[in-house]
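Okay, so here's the structure we're looking at.
Reckoned from all heavy atoms, side chains included, excluding hydrogens, waters and symmetry mates. Since the model is a prediction, treat every value here as computed from it, not as a measurement. Counting starts at 1 for both ligands and their atoms, in listed order. One-based numbering along the sequence shown.
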Amino acid sequence: MARIGILTGGGDCPGLNAVIRAVVRSGVREHGYSLVGFRNGWAGVLEGNQFDLTIQNTAGILPRGGTILGTSRTNPFSGEVADGAAQIRESLAETGVDALIAIGGEDTLGVALRLSQEGIGVVGVPKTIDNDLAQTDFTFGFHTAVQIATDAIDRLHTTAESHHRVIVLEVMGRHAGWIALYSGMAGGADAILVPERPFDIEEVCDRLRRRHAGGRTFSIVVVAEGAQPAGGELAGRQATDAFGHVRLGGIAVELERELEQRTGFETRMTILGHVQRGGTPTAYDRVLATRFGVAAMEAAVHGRFGQMVALQGSEIELVELERALAEPKLLDPALYETAEIFFG
Ligand code: F6P
């Protein structure tokens, strides 16, 4: 085997290019392999839309955000594609690619798992700013997103304080509130609302009332986009993607209204959105992404298919994709309880 294909799927994330660079450099220099980049996630693999990746054309991409390969949420098993696995097998044969390195989150890696069960060689690299993939302590991109969200909280603090307002900051986090919890702790938030713990709006209000009764004139509330009020569904969340995920975003709008109406405190909200996924990765993410890329290439060379590289403690290990995807990695309750000590 001497030719490996790389793809990036799902939402983009700072550090994708660092993984690509590391796969290419270690593949060429350490193993004498050639590398091919498929454009736009599984769409490019289905279509055979690819180009050669070399040390030259991947030079200088280490600090660049996004992905030079492009990405998409195309799902070869969504039903829209006649026989996804057969099409991919054919496309790999045509391009002379022996195996794939798939860089993605639960959806992209879910496809990688199915393909490896059908005998197509795929190694996974865990990517998501949400940090909700199991079996790895951290995914790359998370650290960068937390830093961006923390910077935002710091900035919101000064304006909230000046205007004596409550400010609600909405961050990403579909199943898990990792970004909300880490940035909320780092930024000194007065309440952190996460998907793992449905919130009681009156309790949140009480917390703010107590804080303001104690002499503070402003508060910061951080909410993950996937947070839900206890016993209640939110309206206006209809659109779904090829993996069936509802498009989230907007809970801060409702919180702004509710908190102001119930407490009488002037409230504003900010939705950080895709700012969290853009721009250059932190040094931590560059190093993690580089280590993941080197380990994924090594795994591909040794035919460790159906597996994913993972950070466990300070080591990079290989884990079964099946185990990593069995369920999302939710917040550690003890960490949330530590954050709670500082609320309100
Ligand atoms: O990468 C995961 C994620 O950041 C989720 O938190 C969020 O719901 C989703 O991406 C939004 O991505 P897009 O707008 O690209 O569909």
Item checked: ligand 1 to K127 polar contact by distance, N or O atoms, under 3.5 Å -> no

Next item on the list: Hey, could you give me the OG1/CG distance between T139 and D285, rounded to the nearest 0.5 Å?
Entry: 8.0 Å

Item checked: Whether Q276 lies under 4.0 Å from ligand 1, heavy atom -> no

Next item on the list: State yes or no: are the ring centers of H157 and F218 separated by less than 6.0 Å?
Entry: yes

Next item on the list: Check each of R277, R174, M172 against atom 1 (O) of ligand 1 and report the one with the nearest heavy atom.
Entry: R277

Notebook entry, point to check: Should K329 and D130 count as an ion pair when the cut-off is N to O under 4.0 Å?
Noted result: no

Next item on the list: Check ligand 1 against R73 and write out every atom of the ligand that is under 4.0 Å from a heavy-atom position of the residue.
Entry: 9 (C), 10 (O), 11 (C), 12 (O), 13 (P), 15 (O), 16 (O)

Next item on the list: Heavy-atom contacts with E225 under 4.0 Å: which atoms of ligand 1 show up? List them by number with element.
Entry: 5 (C), 6 (O), 7 (C), 8 (O)

Next item on the list: Number the atoms of ligand 1 from 1 as they appear, then name those within less than 4.0 Å of a heavy atom of G173, with their elements.
Entry: 6 (O)

Margin query: Measuring centre to centre across the rings, with the benzene-like ring taken for any Trp, is H143 within less than 6.0 Å of F138?
Written below: no

Next item on the list: Spell out, as yes or no, whether a donor-acceptor pair under 3.5 Å connects the side chain of R3 to the backbone of T95.
Entry: yes

